[in-house]
Amino acid sequence: MTDRLYIYDTTLRDGQQTQGVQFSTPEKHQIAKTLDALGVDYIEGGWPGANPTDSEFFAEAPKTRATFTAFGMTKRAGRSAENDDVLAEVMNAATPAVCLVGKTHDFHVETALGITLQENLENIRASVAHMVAQGREALFDAEHFFDGYKSNAPYALECALAAYQAGARWVVLCDTNGGTLPPEIHDITRAVIEAGVPGTHLGIHTHNDTENAVAGSLAAIDAGARQVQGTLNGLGERCGNANLTTLIPTLLLKEPYASAFETGITHDALKTLTQASRQLDDILNRVPMRQAPYVGVSAFAHKAGLHASAILKDPTTYEHIDPEAVGNARIIPMSNQAGQSNLRRRLAEAGIEVEKDNPALARILEEIKRREAEGYTYDSAQASFELLARRELGLMPEFFEVKRYKVTVERRKNKYNRMVSLSEAVVVVKVDGEKKLSVSESLDESGSDRGPVNALAKALGKDLGRYQQAIDDMHLVDFKVRITQGGTEAVTRVIIDSQDGQGRRWSTVGVSANIVDASFDALLDAIDWKLLRDGA
């Protein structure tokens, strides 16, 4: 027998509390669609009435298989639930479920709200009963519950019981400050169940202020809670919330959870997790965390020669799961530390089979070492490594030839008499014997200058003849610059991350004393790799 475990996503509400994050209404719809396809049970859309974006989103609520949920707060003291205008706005969103936050810590009740403990209990009871009477699935977010329990356990338990007895489908225990450690979370969750709130009606909501949000969530599940809340990529206020991109695969792939629980997420859907994670970062214009568990680019990267040799024999020697289970991929980074085991494995993953005694292997390793001495790095630029290897092996076609390029940067006054910068790039390429000249400026949709590299990228990708359609869906998502030597002999290394419409992400490197030349070389590699992989 397996227990049903419910996944509650609050990316669109609690995730939006992240500093620097503000979703537009179309972005909220896009994220909700991704979450629904993943298979979460609840999607919390935000707080109707709290801001124009949330109000607009609920007015155009997405049609989801998941239970779409509005968030608000319990009624205020001195008025009935029916006559509380803030509660009314949340109820008027007409979502199937409503989650109301309420105080459960005596200190917050008396100091922050300035009401009596009894008045707070009545606010909880009346608000939950009102939701139930309106035919909504009621959730009670027990704010600061763990701190409240440690301060005044009988009162915190009374608050949880008040919500449950009033008809709450879920009483969610919140570690709002993120300071409660997993053993405490386990014991306190167990105490709530023993006090009369069944685990089948108990949820857990943790924050990551001690880097324990996922561990705390698992501890609550171990104690009997059957709903777990979190956000994609661990978004959330301060240090973030429990990261669903870590929690979900742990629950589906790791024992004892994989055998003990059933969720709404299938193993086929789990294969979209990495793409969902990177889609969210793309929407936020953030660089994905390379070392994120399960979904990070480096999550299954094996650099040491000893590791790569073992991986070649059996991947389970250094991998705790199959990367494909979460939609990720194994990477054997190449560097001057690499041996032929690393090299052959990496080539095999690129679809290139090379015999052990092939003299080209030694040439490739020697070329890598020579270039890394000049400032290149193939540890974090896998696509450039693959192109280098193919050229040494005679397996790299020439799709087009760059005849020349030029970049100008002009500083001038605009019509508002303000000094602005404008970059312009000219690129001439030869495709199928025909020369093509492209010109692009670096201005974005708002009229802001994006710099010379942006102008170059736009010009280079403007007209590649019969190859144009293959690169139309690729775009630059990150640009990193490092000076590898000091003084008059300084060398600039540029690493560019690109992504395409299939969710593929690849890194390329360029090195030169001139930052524009280094950038252009990395851009060329990015386009060549894309054309190669798409079978151009």
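Using modelled atom types, one finds no donor on one side chain facing an acceptor on the other under 3.5 Å when comparing Asn454 with Ser442. In the model, Tyr8 has a side-chain atom that pairs as donor or acceptor with a side-chain atom of Glu44 under 3.5 Å. Side-chain atoms of Asn514 and Ser512 include no donor-acceptor pair closer than 3.5 Å.
Note: Glu27 CD to Gln279 CD = 10.0 Å, rounded to the nearest 0.5 Å. In this structure, CD in Gln229 is found 9.5 Å from OG in Ser217, a value given to the nearest 0.5 Å.
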Contacts under 3.5 angstrom, residues 390-398 side chains, donor-acceptor by atom type, not counting sequence neighbours:
unit_1	atom_1	unit_2	atom_2	d
Arg390	NE	Glu386	OE2	3.2
Arg390	NH2	Ala350	O	3.3

Taking distance alone, no hydrogens or angles, what donor-acceptor pairs closer than 3.5 Å link side-chain atoms of residues 264-276 to residues at least two apart or in another chain?
unit_1	atom_1	unit_2	atom_2	d
Thr266	OG1	Ala269	N	3.0
Thr272	OG1	Ala269	O	2.6
Thr274	OG1	Val326	O	2.6

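The existence of a salt bridge linking Asp473 and Lys530 is confirmed by a sub-4.0 Å separation between a basic side-chain nitrogen and an acidic carboxylate oxygen. With respect to Lys480 and Asp497, a salt bridge is recorded, a charged nitrogen being found less than 4.0 Å from a carboxylate O. Between Glu367 and Arg363 there is no salt bridge, since none of the side-chain N atoms of the basic residue sits less than 4.0 Å from a carboxylate O of the acidic one.
If you look at Phe520 and Tyr405, their ring centroids are closer than 6.0 Å.
Taking the six-membered ring where tryptophan is involved, the planes of Tyr257 and Phe261 are essentially parallel, since the angle between them stays under 30° and well short of 60°. Using a 30° and 60° split on the angle between ring planes, Phe68 and Phe58 fall in the tilted class, from 30° to 60°.
The neighbour count for Gln468 CD, taken as heavy atoms of other residues, nucleotides or ligands under 6.0 Å away, is above 12.
For Arg482, the side-chain contact (heavy atoms from CB on, under 4.5 Å) criterion is met by Arg493, not counting sequence neighbours.
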